[in-house]
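Report on the following structure.
Computed over heavy atoms, backbone and side chain alike; hydrogens, waters and symmetry mates excluded.
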Amino acid sequence: MSRTRYLIALALVLVTAAVAAVPPATAETTLRVVMHSDLKIVDPIWTTAYIVRNHGYLIYDTLFSMDAKGEIKPQMVDKSEVSKDQLTYTLHLRDGLLWHDGKPVTAEDCVASIKRWAAKDSMGQKMMGFVKDIQVVNPKTFKITLNEPTGLVLGALGKPSSNVPFMMPKRVADTDPNTQISDFTGSGPFVFKKDEWKPGDKAVYAKFDKYKPRAEAPSGLAGGKVVKVDRVEWKWIPDHQTAINALLAGEVDMLESPPHDLYPVLKADANVRLLNGNPLGNQYTFRFNALAKPFDNAKVRQAVFYAFNQEDFLKAVIGDPAYYKTCKGFFPCGSPLSSTKGMDGLLESNFEKSKALLKEAGYDGTPIVLMHSTDLAVLTNLAPVAKSLLEKGGFKVDMVSMDWQTLVARRAKKDPPAQGGWHAFLTSWVAADILNPVMMGFMNASCDKAMFGWPCDKEIESLRDQFAREANPAKQKAIAEAVQVRETQYPTHIPLGQWYGAFALRKNVDGVLEAPVTIFWNVTKK
C-alpha cells in the first residue's frame with residue numbers, strides 16, 4: 001500500500017472512531033396542546049381565569065399543595081411547625097429552590113408573595129384576618145403569627161385553584177395586586193418563553209433544567225413534579241372541529257376541553273382516548289353585579305332563583321346526562337358540606353313567582369346587560385338559556401357577545417352597565433374551588449374586597465368568619481348550611497348544576513395526572 005493510500009485509510013478510521021464516540025442526538029420532545037382558551041392575561045393573582053391558573057402551575061410553585069385525596073402536603077416547604085397555642089406557624093423552605101434566573105428562593109420572596117395573593121383571594125383575605133404578623137427568620141425560614149387560632153393557614157396556602165398562592169420573586173410580588181405583572185420569573189418546573197408567546201396563536205414553555213422536584217411520587221397537585229418532555233406548546237385553535245381534526249391527524253397531542261357533542265368522533269378513532277382528569281367535576285354559576293341597578297336589590301336577585309332551572313342549562317351545554325347532574329346546593333354534591341337546605345321551591349322556573357318578586361321590588365324594566373362568552377364550548381350556550389329564562393321570568397335582557405378573554409377583562413370594571421360595565425355573566429368552577437364557604441370566591445361578601453360582582457353582606461361574612469374559627473366538622477356543616485340559607489336571601493350567585501369533562505389524548509401520550517387543574521409534569525410522549 002502506498003504511503004498516500006495508507007494515510008487516507010488511517011484518516012478514515014480515526015474519523016469513524018470519533019463519530020462513534022459522539023453520543024447520538026436526542027430529539028427534543030414537544031407536547032402540543034389545544035387549551036380551553038387563548039392566553040392573553042398572564043398574572044394568576046390579578047385574575048381567577050383558569051387558563052391563567054394553568055399557566056401559573058407551569059412556571060410557579062406553591063408552598064403547599066393538595067394531593068389526590070384532598071389532603072394538604074408540603075411542596076416548596078421542607079417542614080412546618082405549629083406552636084402549642086396554635087398561634088405560630090414556622091415554615092422552612094427546602095434546599096435547592098431556584099428562580100428561573102438562577103437566584104435562590106428566599107423567605108422574603110415568599111412573604112411578599114403571600115401578601116400580594118392574600119389581597120386578592122377570598123380565602124387569603126379571610127386567613128389574613130387572623131394574621132398578626134409574618135416575619136422573616138432567616139433566608140429559608142419565616143413565621144406566621146396569628147391573633148387567634150384558625151385552621152385556615154395550611155389550607156389557604158395549599159388551595160388548589162383560583163386564586164392560587166403562587167410564589168414569585170419579591171421584586172415581582174411587590175407589584176400592586178390590582179396591577180398586572182410584567183416579569184414572569186418563577187421557580188416552577190417550566191420556564192415561560194415570553195419571546196415565543198403570540199396571543200391568538202401559541203404560548204410556549206420549556207423544561208427548567210435546574211428545577212429540583214420533591215422525592216415523593218406525584219399525587220394530585222402534590223409530590224414530585226418530574227418533567228418528562230422538553231417543551232409544552234399551547235396552540236390556540238378556536239374552531240372546535242378544526243382542533244379535533246388536528247388531534248386526529250397527529251398535529252397536536254391533546255385537547256384540554258373538547259365539546260361533549262364531538263366525543264363520539266373522538267371515541268371512534270383508535271389512536272385517541274378520553275380521560276376524565278377531574279373526577280370531582282365542575283359547577284356552573286350565574287354571577288350578579290351587586291353594585292348595578294336593579295341587581296343592587298336582593299329581591300330582584302331572588303327573582304332569578306325562581307326563573308332559573310338547572311336542567312335547561314345542563315342540557316343546552318353538555319347534552320349527555322352521563323356527563324352532568326342537577327345539584328340544588330352551593331357546595332358540590334358528593335362533597336362533605338353538600339346540602340339542599342333552604343333550596344325548596346328554587347331553581348324550578350316558577351316564572352309567576354319571579355314576576356311577582358320583580359313587581360314587589362319595583363323593577364322598572366332596566367335591561368340586564370348579560371355578558372355572553374362565545375369561544376369556550378363549555379360556556380357558549382349558557383347565556384342564551386339564561387336570557388330566555390330571565391325574559392320568561394319578567395326581565396328585559398341585553399345579551400352582549402364577546403370572547404372569554406374580553407369578558408374576563410370587562411367583568412373587572414365597575415362602570416355602569418350602559419357605559420361598558422355589566423349586570424351578569426355565567427362561568428364554571430372546579431369543585432375543588434368551592435368546597436366550603438371560605439374557599440368559595442363568589443361567597444365573599446366583603447364589599448369592595450369581594451370578587452367582581454362586589455356583594456356586601458355582614459351576615460354572610462360573619463358566618464364565613466365562624467366557619468374559619470370552627471374545627472368541628474359537624475359544626476362546620478351547620479355553619480355551611482346557614483350560609484346557604486342566607487345566600488337564598490342575599491344571593492351572590494346561583495349554582496346551576498354539576499358537569500364532567502374529559503381530555504382527548506393521542507395514545508402515545510401518557511402520565512396525565514388526576515387533579516382539579518390541567519398539569520403537565522409527569523406527562524410522557526413516545
Side-chain angles (χ1 to χ4, degrees), residues 34-37 49-51 54 161 237-241 243-244 247 254-268 272-287 304 307-335 338 343 346-349 370-390 399 401 403-404 407 424-434 442 493-505 514-518:
V34 178
M35 299 297 285
H36 71 272
S37 174
Y50 283 164
I51 190 68
N54 295 353
S161 192
I237 304 177
D239 181 76
H240 302 298
Q241 186 61 62
I244 284 178
L247 182 75
M254 174 179 172
L255 306 183
E256 184 192 22
S257 185
H260 289 75
D261 61 346
L262 293 176
Y263 281 11
V265 176
L266 296 165
K267 289 177 180 178
V272 171
R273 65 191 175 97
L274 294 177
L275 172 70
N276 180 6
N278 176 25
L280 270 177
N282 314 269
Q283 181 194 82
Y284 283 130
T285 60
F286 180 89
R287 178 64 161 177
V304 180
F308 281 174
N309 74 84
Q310 295 185 343
E311 189 83 21
D312 283 3
F313 289 97
L314 296 167
K315 278 183 178 177
V317 186
I318 308 302
D320 185 346
Y323 292 98
Y324 74 75
K325 65 180 175 186
T326 57
C327 177
K328 282 178 62 170
F330 282 83
F331 306 104
C333 288
S335 68
S338 175
M343 304 297 287
L346 302 178
L347 294 169
E348 295 178 4
S349 285
L370 174 65
M371 294 194 291
H372 170 215
S373 168
T374 57
D375 59 333
L376 306 193
V378 294
L379 298 181
T380 298
N381 290 346
L382 292 173
V385 173
K387 181 178 188 294
S388 174
L389 295 176
L390 287 169
M399 189 172 78
S401 299
D403 64 51
W404 177 243
L407 190 154
F425 70 94
L426 296 103
T427 189
S428 177
W429 289 94
V430 296
D433 259 333
I434 54 174
F442 279 177
H493 65 289
I494 295 180
L496 295 174
Q498 285 176 225
W499 67 275
Y500 307 84
F503 302 135
L505 309 164
E514 282 192 359
V517 174
T518 305

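In this structure, the side chains of Phe308 and Leu390 come closer than 4.5 Å at one or more pairs of heavy atoms. Considering only heavy atoms from C-beta on, Leu389 stays 4.5 Å or farther from Phe286 through its side chain. Considering only heavy atoms from C-beta on, Glu256 comes within 4.5 Å of Phe503 through its side chain. Side-chain contact check for Asn54 versus Met35: some heavy-atom pair is nearer than 4.5 Å. Side-chain contact check for Leu314 versus Tyr284: some heavy-atom pair is nearer than 4.5 Å. For the pair Gln283 and Cys327, the minimum side-chain heavy-atom distance is 4.5 Å or more. Using a 4.5 Å cut-off on side-chain heavy atoms (C-beta onward), Leu426 and Phe313 make contact. In this structure the side chain of Pro516 never reaches within 4.5 angstrom of the side chain of Leu280, judged on heavy atoms.
For Asp403, the salt bridge (Lys or Arg N to Asp or Glu O under 4.0 Å) criterion is met by Lys40, not counting sequence neighbours. For Glu348, the salt bridge (Lys or Arg N to Asp or Glu O under 4.0 Å) partners are Lys328, not counting sequence neighbours. In this structure Ser373 satisfies the side-chain hydrogen bond (donor to acceptor under 3.5 Å, both in side chains) test with no other residue, sequence neighbours excluded. The side chain to side chain contact (heavy atoms under 4.5 Å, CB included) check on Glu311 picks up Asn309, Lys315, Tyr324, Thr326, with sequence neighbours excluded.
Between Phe425 and Phe442, the ring planes are perpendicular. Angles over 60° get that label, and only those under 30° would be called parallel.
With hydrogens and angles disregarded, no donor-acceptor distance shorter than 3.5 Å links the side chain of Thr285 to the backbone of Ile494.
Residues Val317 and Ala377 share a closest heavy-atom pair of CG1-O, 3.7 Å. The shortest non-hydrogen separation linking Pro384 to Met399 is N-SD, 3.8 Å. Taking all atoms of both residues into account, the shortest heavy-atom contact from Leu370 to Ala383 is CD2-O, 3.5 Å. Between Gly501 and Asn276, the shortest heavy-atom contact is O-OD1, 3.2 Å. Looking at every heavy atom in both residues, Val385 comes nearest to Ala316 through CG2-CB, 3.5 Å. Summarising the geometry of Ser257 relative to His36, their closest heavy-atom pair is CB-CB, 3.8 Å, with the distance given to 0.1 Å.
The salt bridge (Lys or Arg N to Asp or Glu O under 4.0 Å) contacts involving residues 372-390 comprise Lys387-Glu391, where partners must be two or more places apart or lie in separate chains.
The only member of Val272, Ile237, Leu247, Leu274 that meets side-chain contact (heavy atoms from CB on, under 4.5 Å) when paired with Leu255 is Leu247. Screening Asp433, Thr518, Thr427 against Tyr50 for a side chain to side chain donor-acceptor pair (under 3.5 Å) leaves a single residue, Asp433.
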In a table with atom names and distances, give each donor-acceptor pair under 3.5 Å that connects a side chain of residues 258-266 to protein atoms at least two apart or in another chain.
{"from": "His260", "atom 1": "NE2", "to": "Tyr500", "atom 2": "O", "distance (Å)": "2.8"}
{"from": "Tyr263", "atom 1": "OH", "to": "Ala502", "atom 2": "N", "distance (Å)": "3.0"}

Notebook entry, point to check: Do Leu496 and Leu347 pass the side-chain contact (heavy atoms from CB on, under 4.5 Å) test, and can you show the C-alpha distance, the side-chain angles, and the key distance before you say yes or no?
Noted result: CA-CA 8 Å; Leu496 295 174; Leu347 294 169; 4.2 Å; yes
